[in-house]
Structure formats: structure tokens, C-alpha cells
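One-based numbering, in listed order, for ligands and for the atoms of each. For clarity, every value in this text was computed on a predicted model and none was experimentally measured.
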Amino acid sequence: MKKIEDYIRTIVDFPHEGIMFRDVTTLFADARGFRMAIDQMLHPYAGLEIDKVVGLEARGFILGGAIAHQLSVGFVPIRKKGKLPGTTISQDYKLEYGEAIVEIHDDAIQPGEKILVVDDLLATGGTAEAGIKLIERLGGEIVSCAFIIDLPDLGGRKKLEGMGMDVHALCA
Ligand code: PRP
Ligand code: ADE
């Protein structure tokens, strides 16, 4: 049987020279691959209390939407600056190939809500760290952070575990 990593392709020098870009669109486009990814991402959370799923733009929306539906809970997007229409709070961060600002609606999470953070890939951890800070500023309690891919050499897992986070990834 094919494994998750068999569905993911690597594009060399995208979006900049020297970056080995892990492209999950080939995983998402395959019926068995996508279903396997969602099922495996959900596995560690069976029986746990989760009130909302937060997805990180952009591929975290695709995964987070499917996971929220499966858990029968709400979905909250964290978006790049300027995309959310309501009142937001912001957080800047660095990533493997640049800098950015992410935002969340300030009424999207209620204090004490139990949150599952979802994205496709953990590299430096800058994106996830910014998302975690936004969720915690709103009073959310993060149950865990779920990814398809962890690139351990870039230190993201260590960064998040150093913040006290539970981290799950399907492959490296
Ligand atoms: C990618 C990926 C993660 C982030 C991981 O998104 O989907 O969100 O980088 O990198 P980090 O751990 O170093 O922060 P990207 O910033 O390319 O944005 P996109 O999904 O909107 O294309
Ligand atoms: N985000 C940061 N680094 C990445 C990589 N190597 N592939 C895909 N997304 C990324």
C-alpha cells in the first residue's frame, strides 16, 4: 500500500533558489491519498475534547476544513494580513523564505476553548508559532498542532515543543 510520502512531490528551487518545496497538491488530488492523510491526522485525537480547529493559510484550510467536519466542530482561519474582513489581531513572523504577518478575527475563539492547530508543513515553525500566539492571546487552549510534513532540520518541532506544544506529523 502507498504511504503518505509517496503522494507528495518535491519541486526544486521553488519559490526561491535553494528551497526544496514539498508539494502536497498531488496528495490532495488523490482520493485515497487525501482520505489517508485526514484519517491519519485525526488518529491521535480520538476521544479528546476539541472545540475548534484552526487552519493556517493556505493549505491548512484544506486539511483543517476536512478535520473540523470529521470532528463536528467549527473551523477558524488564520490568514495573511489584509484578508479577513472583521476586526482582527495580528502577529508578525519569519519563515524559511521570507517574512509575513498573520491575522485572526478577534471574536473567533472564546477564552478556554480547546483548539487543534492544523497546517500541511512544519519548517522553521515561524508560521505555527505566530498562529499559536494569536490563539493564546484570545484565551484559546491549544490541545495539539497537526501537520502532514515535519522538516526536522529546520527546527520547527523543537521550537513548538519548547513552547509546551504537543506536535504530530505524518512524515518527515
Ligand atoms: C508554508 C506552509 C506553512 C509554512 C511553514 O506556507 O504551508 O504554512 O510555510 O513554514 P515555517 O514553519 O517556516 O513557518 P507558506 O508560507 O508558503 O504560505 P501559503 O500556504 O499561503 O502558500
Ligand atoms: N514552507 C516552508 N518551507 C517549505 C517547503 N520546503 N516546502 C513547502 N512549504 C514550505
Side-chain angles (χ1 to χ4, degrees), residues 3-30 33-34 36-38 40-42 52-68 75-85 88-105 108-109 115-138 140 142-172:
K3 299 189 294 291
I4 292 290
E5 45 268 52
D6 298 332
Y7 292 98
I8 300 167
R9 66 182 171 189
T10 297
I11 310 280
V12 178
D13 294 336
F14 181 90
H16 302 298
E17 212 178 316
I19 302 290
M20 305 273 283
F21 191 87
R22 302 305 198 286
D23 178 21
V24 291
T25 63
T26 41
L27 171 70
F28 291 172
D30 186 282
F34 188 51
M36 192 193 301
I38 299 300
Q40 288 189 16
M41 288 180 88
L42 277 160
K52 278 178 182 151
V53 172
V54 170
L56 305 175
E57 186 169 357
R59 286 155 272 158
F61 295 172
I62 296 160
L63 295 164
I67 288 170
F75 174 82
V76 173
I78 287 185
R79 298 213 61 181
K80 306 276 165 62
K81 185 180 169 58
K83 299 287 187 183
L84 289 171
T88 57
I89 58 169
S90 308
Q91 185 71 46
D92 57 6
Y93 68 104
K94 290 194 174 66
L95 74 169
E96 194 183 0
Y97 38 76
E99 288 180 26
I101 295 173
V102 281
E103 298 181 330
I104 191 170
H105 277 138
I109 290 171
I115 307 297
L116 175 62
V117 179
V118 174
D119 204 355
D120 65 323
L121 181 139
L122 180 61
T124 66
T127 308
E129 180 186 29
I132 289 163
K133 285 181 178 167
L134 288 174
I135 293 162
E136 290 187 336
R137 281 166 61 190
L138 294 179
I142 298 168
V143 176
S144 184
C145 303
F147 305 89
I148 296 178
I149 306 160
D150 172 24
L151 301 180
D153 293 351
L154 293 170
R157 179 186 283 268
K158 277 202 182 118
K159 180 183 281 179
L160 300 194
E161 288 178 346
M163 297 170 74
M165 293 294 132
D166 179 61
V167 178
H168 287 280
L170 305 186
C171 60

Has Glu129 got any heavy atom lying under 4.0 angstrom from an atom of ligand 1? no
Lys81 (side chain) donor-acceptor with Gln91 (main chain) under 3.5 angstrom: no
Can you list the atoms of ligand 2 that are under 4.0 Å from a heavy atom of Met20? 5 (C), 6 (N), 7 (N)
Which part of Leu56 is near ligand 1, with near meaning a heavy atom under 4.0 Å away: side chain, backbone, both or neither? neither
Closer than 4.0 angstrom: is that true for some heavy atom of Ala128 and an atom of ligand 1? no
May I ask you to list the atoms of ligand 2 that are less than 4.0 angstrom from any heavy atom of Leu121? 1 (N), 2 (C), 3 (N), 4 (C), 7 (N), 8 (C), 9 (N), 10 (C)
With sequence neighbours left out, write down each residue that passes salt bridge (Lys or Arg N to Asp or Glu O under 4.0 Å) with Arg22, or none if nothing qualifies. none
Can you sort out which atoms of ligand 2 are near Ala123, meaning under 4.0 Å from one of its heavy atoms? 2 (C), 3 (N)
I need the minimum non-hydrogen distance between Phe21 and Phe14, along with the two atoms involved. CB-O, 3.1 Å
Atoms in ligand 1 flagged as close to Lys80, the criterion being non-hydrogen separation under 4.0 Å: 16 (O), 18 (O), 19 (P), 21 (O)
After noting the C-alpha distance and the side-chain angles of Ile101 and Tyr93, does the key distance pass the side chain to side chain contact (heavy atoms under 4.5 Å, CB included) rule? CA-CA 6 Å; Ile101 295 173; Tyr93 68 104; 5.7 Å; no
Would you check, one step at a time, whether the test salt bridge (Lys or Arg N to Asp or Glu O under 4.0 Å) holds for Glu103 with Arg79? CA-CA 5 Å; Glu103 298 181 330; Arg79 298 213 61 181; over 6 Å; no
Taking side chain as C-beta onward, heavy atoms only, is Ile67 less than 4.5 Å from Ile38? yes
Looking at ligand 2, is there an atom of it that comes within less than 4.0 Å of some heavy atom belonging to Leu151? yes
Hey, which atoms in ligand 1 end up nearer than 4.0 Å to a heavy atom of Gly125? 11 (P), 12 (O), 13 (O)
Which of the numbered atoms in ligand 1 are under 4.0 angstrom from any heavy atom belonging to Ala58? 19 (P), 20 (O), 21 (O)
Can you confirm, on distance only, whether ligand 1 has an N/O atom lying under 3.5 Å from any N/O atom belonging to Thr124? yes
Residue part near ligand 1, for Thr127, under 4.0 Å between non-hydrogen atoms: both
Short side-chain to backbone donor-acceptor contact, Asp30 and Leu27, under 3.5 Å: no
What closest approach, in Å, do Phe75 and Ala68 show between heavy atoms, and which atom pair accounts for it? CB-CB, 4.0 Å
My understanding is that only one of Asp23, Asp119, Asp120 makes a side chain to side chain donor-acceptor pair (under 3.5 Å) with Arg59; could you say which? Asp120
Look only at interatomic distance and state if Lys94 has a nitrogen or oxygen under 3.5 Å from any nitrogen or oxygen of ligand 1. no
